[in-house]
Amino acid sequence: MRHPISPAERPSDVNRLVPLSLPLVPTPPRERAPAPLPRQTTTEPPSFETLDRLARAITARLTHGVSPHAQFAAWSDWISHLSRAPGRQLELALAAWRAAARLSSFAGRSALGQTVEPPFAPLEHDERFADPAWNVPPFNFLQQTFLAQEEWWRAATREVRGMTPKNAARVAFMARQMLDVMSPSNIPWLNPVIIERTFKEAGGNLARGTSNFLEDALRLLAAESMPTSSEFRVGKEIAATPGDVVYRNELMELIQYRPATSEVIAEPILIVPAWIMKYYVLDLSRHNSLVRHLTEHGFTVFMISWRNPTPADRDIPFDAYRTSGVMAALDAVNAIVPDQDVHACGYCLGGTMLAIAAATLARDEHDRLASITLLAAQTDFSEAGELMLFVDESQIAFIEDMMWDQGVLDSSQMAGAFRALRANDLVWSRMIRDYLLGERDKATDLTTWNADPTRLPYRMHSQYLRGLFLENRLTAGRYAVGGRVIALKDIHVPMFVVGTESDHIAPWRSVYKVHLFTDNEATFVLTNGGHNAGIVSEPGHHGRRFHISTRYPDDRYVDADTWLARSKPVEGSWWPAWVDWLQARSTAERISPPPIGAPERGLVPLCAAPGEYVYQR
């Protein structure tokens, strides 16, 4: 039975443009002026903190938000501990000697024409040396020499006893970045693929590459964004599922999609996307739109489309995305589809906020949700992967000062951090294709969406980094909403949680840890692919597979690796499994589609989907 919601929690006119409510400090009553104090002979020294912050902000712009102190501290920690570890030094010296011996043997036998198994192999997913030309002398020796260096540095940057584990991981990451720069695959006269292409085209590839480089350099100097593809236009080829914006405030628009079936499931679906990207990654082309897939299976779907903040929005707090985002949208959905609980789905940061909102509703005994789905969304941040290498007090203070100066975290600065996590795929491989092979990647709906970034408000992002990434308050029992702590264990509706195998933003083992902090029925899915491509996993997508199993309230906890070993892979997309799961947790009765909006509650269609906020740059 649903608990009644107080009038204060529901807007009386939910369709009007609602300003964000920020906490105000009450003005104290005027008092009689006190008698003047005796004149002081000393004065307080002026504060120079603003100058310090400005200096750090300027430096941060030059380093794209990376703190030099954090890097120096990591290297200093490693060097000081390694210098006092003669055993590790001897181990590394022997490893270098063995590698040199193996390389010498490989080179000598290869020179004599013998077939020799390479002593060093690239890591999984490393495609830099996949071309057969790398197996021919002398390029095979260059490749093996580089891979030997990689293996040695992996051993050298392992944590030394006494080191801070985060510093060890940070040193390993930076060493890998520096090695990637020196890879022979990045040097034109050492890369057989580039050499062969250059001879074959008589340098035509280099001419095209030079043109591509000049085009990109001029665009960068002019601070222009990448041109969008004419093949994939928002509202035409992508983000084109029919619907209407039925609610708008200063933070988001709510889209209600039109039904695709004559009868629908009674419980609607509300999707909460992340606000670090545009919503329509979940509504791409017709064949891979998750929204369209749901409507074609009889669901009434609502989607939040977030506004792209500007420097004027610097003071929007993190919790505003709950109150003026999730809760405002939920109020509107309840007004349009009354007397029905809602299947809520959150993606990435939107899933984290949905978990917070759901725990708050559960704490306050408001039963408004039928189920919760979290797509690549973390609730515990203690093992948040390589993104944690960018999070410590020094690093956050550095980013905060940059945002304090700008008012927002710019999309290019966020993109730089994400590219660093996958430099081989997103930086060096692309530079080789664009500037040395003279090839431009063909635009796809996913790459077009990826080139349509958003910004983050200063206050919101600072609170997010400190409260969740740095202090991990949500699962440490210290995350308060409205002055009272919330707990994920209060959530009792079923959950469907999806992790992706090669996710560098929300590693699947971190996503899986939601099992530790909840006692409800939880179905966990692990699908192949990355943070975005693993979620955009439509039926018929070649090579897709997933693992799935359900934890019930009385089951014992099973760690992530044991779970993976026990669960069998299923070929195909996980989307049909989710649809079946939602249908099983909905009422069997099918009803006529609800109207678009609720005019009697002030919810009338404002414009057609995809709305106005999605076009903001």
**Item:** Intermediate values then yes/no, side chain to side chain contact (heavy atoms under 4.5 Å, CB included), Leu92 and Leu82
**Value:** CA-CA 11 Å; Leu92 294 175; Leu82 183 61; 4.2 Å; yes
**Prompt:** Can you say whether the rings of Trp563 and Phe524 are parallel (under 30°), tilted (30 to 60°) or perpendicular (over 60°)?
**Reply:** perpendicular
**Request:** Would you check if Pro122 and Leu147 make a side-chain contact, meaning some heavy-atom pair closer than 4.5 Å?
**Result:** yes
**Asked** Do the charged groups of Asp434 and Arg430 touch, with an N to O distance under 4.0 Å?
**Response** yes
**Item:** Residues Asp559, Arg509: salt bridge by 4.0 Å N-O rule
**Value:** no
**Request:** Please determine if Arg197 and Glu439 form a salt bridge, counting it only when a charged side-chain N lies under 4.0 Å from a carboxylate O.
**Result:** yes
**Message:** Tell me whether Arg551 contacts the main-chain N or O of His515 through its side chain, where contact means a donor paired with an acceptor under 3.5 Å.
**Reply:** yes
**Message:** Under a 3.5 Å threshold, yes or no: a donor from one side chain and an acceptor from the other, between Tyr552 and Asn520?
**Reply:** no
**Prompt:** Roughly how far, to the nearest 0.5 Å, is the CG atom of Leu516 from the CG atom of Leu488?
**Reply:** 11.0 Å
**Request:** Classify the side-chain pair Trp428/Ser185 by whether it contains a donor and acceptor separated by less than 3.5 Å.
**Result:** no
**Message:** Does the Lys NZ or Arg CZ of Arg102 fall within the cation-pi geometry relative to Phe120 - under 6.0 Å from the ring centre and within 45° of the axis?
**Reply:** yes
**Prompt:** Is there a side-chain contact between Val570 and His547, using heavy atoms and a 4.5 Å cut-off?
**Reply:** no
**Request:** For the residue pair Thr444 and Thr447, confirm or rule out a side-chain donor-acceptor distance under 3.5 Å.
**Result:** yes
**Item:** Verdict with reasoning, Thr373 to Met495, per side chain to side chain contact (heavy atoms under 4.5 Å, CB included)
**Value:** CA-CA 6 Å; Thr373 297; Met495 295 179 71; over 6 Å; no
**Request:** Kindly give the heavy-atom pair with the smallest separation between Thr352 and Gln378, and that separation in Å.
**Result:** OG1-O, 2.7 Å
Could you list the donor-acceptor pairs under 3.5 angstrom formed by side chains in residues 535-542, with sequence neighbours left out?
| from | atom 1 | to | atom 2 | distance (Å) |
| --- | --- | --- | --- | --- |
| Glu538 | OE1 | His541 | ND1 | 3.4 |
| Glu538 | OE2 | His541 | ND1 | 3.2 |

**Asked** Is any side-chain heavy atom of Thr210 less than 4.5 Å from a side-chain heavy atom of Tyr435?
**Response** no
**Request:** Would you name the heavy atoms of Trp574 and Gly534 that are closest together and state the gap between them?
**Result:** NE1-O, 3.1 Å
**Message:** Determine whether a donor-acceptor pair (N or O, by modelled atom type, separation under 3.5 Å) exists between the side chain of Gln114 and the backbone of Val116.
**Reply:** no
**SB check Glu150 Arg176 (cutoff 4.0 Å)** = no
**Message:** Around atom CD of Glu196, are there more than 12 heavy atoms from other residues, nucleotides or ligands closer than 6.0 Å?
**Reply:** no
**Asked** Do Thr198 and Asn205 have a side chain donor and acceptor closer than 3.5 Å?
**Response** yes
**Prompt:** What about the rings of Phe129 and Trp134, do their centers lie closer together than 6.0 Å?
**Reply:** yes
**Phe173/Val171 under side chain to side chain contact (heavy atoms under 4.5 Å, CB included): CA gap, chis, key distance, verdict** = CA-CA 5 Å; Phe173 177 81; Val171 167; over 6 Å; no
**Prompt:** Could you give the distance from CG (Leu290) to CG (Asn288), rounded to the nearest 0.5 Å?
**Reply:** 10.0 Å
**Asked** Do Thr454 side-chain atoms and Met277 backbone N/O form a donor-acceptor pair below 3.5 Å?
**Response** yes
**Request:** List the atom of Ser573, the atom of Phe546, and the distance in Å for their closest heavy-atom pair.
**Result:** O-CE2, 3.2 Å
**Ring centres under 6.0 angstrom apart (Trp75, Trp78)** = yes
**Prompt:** So, Asn191 versus Asn186: side-chain donor-acceptor pair below 3.5 Å or not?
**Reply:** no
**Message:** If you compare all heavy atoms of Glu383 against all heavy atoms of Ser510, which two are closest, and at what distance to 0.1 Å?
**Reply:** O-CB, 3.1 Å
**Prompt:** Does the side chain of Glu400 pick up a donor-acceptor pair with the side chain of Ser462 at under 3.5 Å?
**Reply:** yes
**Prompt:** Taking 4.0 angstrom as the limit, do Arg109 and Glu117 come out as a salt bridge?
**Reply:** no
**Asked** Between CZ of Arg455 and CE of Met403, what distance do you get to the nearest 0.5 Å?
**Response** 14.5 Å
**Request:** Mind running side chain to side chain contact (heavy atoms under 4.5 Å, CB included) on Arg128 and Ser183 for me, showing each step along the way?
**Result:** CA-CA 9 Å; Arg128 288 175 293 182; Ser183 171; 3.7 Å; yes
**Tyr347: partners by side-chain hydrogen bond (donor to acceptor under 3.5 Å, both in side chains), with sequence neighbours left out** = Asn532
**Asked** Does Arg466 come within less than 4.0 Å of Glu471, counting only side-chain N to carboxylate O?
**Response** no
**Item:** Pair Glu159 + Arg170: basic N to acidic O under 4.0 Å
**Value:** no
**Asked** Between Arg219 and Glu215, is the closest basic N to carboxylate O distance under 4.0 Å?
**Response** yes
**Request:** Mind checking the OH-CD1 spacing from Tyr464 to Ile276? Nearest 0.5 Å is all I need.
**Result:** 6.5 Å
**Asked** Would a line drawn from the ring center of Tyr458 to the ring center of His461 be shorter than 6.0 Å?
**Response** no
**Request:** First locate atom CG of Asp401, then atom CD1 of Ile396, and finally report the distance between them rounded to the nearest 0.5 Å.
**Result:** 12.0 Å
**Message:** Once you measure the plane-to-plane angle for Phe318 and Trp275, does it fall in the parallel (<30°), tilted (30-60°) or perpendicular (>60°) bin?
**Reply:** tilted
**Prompt:** Between NE2 of His531 and CD1 of Ile505, what distance do you get to the nearest 0.5 Å?
**Reply:** 4.5 Å
**Message:** Whether the Lys513 and Ser382 side chains hold a donor-acceptor pair (N or O, under 3.5 Å, no angle test) is what I'd like checked.
**Reply:** yes
**Message:** For Tyr557, is the OH atom crowded, meaning more than 12 foreign heavy atoms sit under 6.0 Å from it?
**Reply:** yes
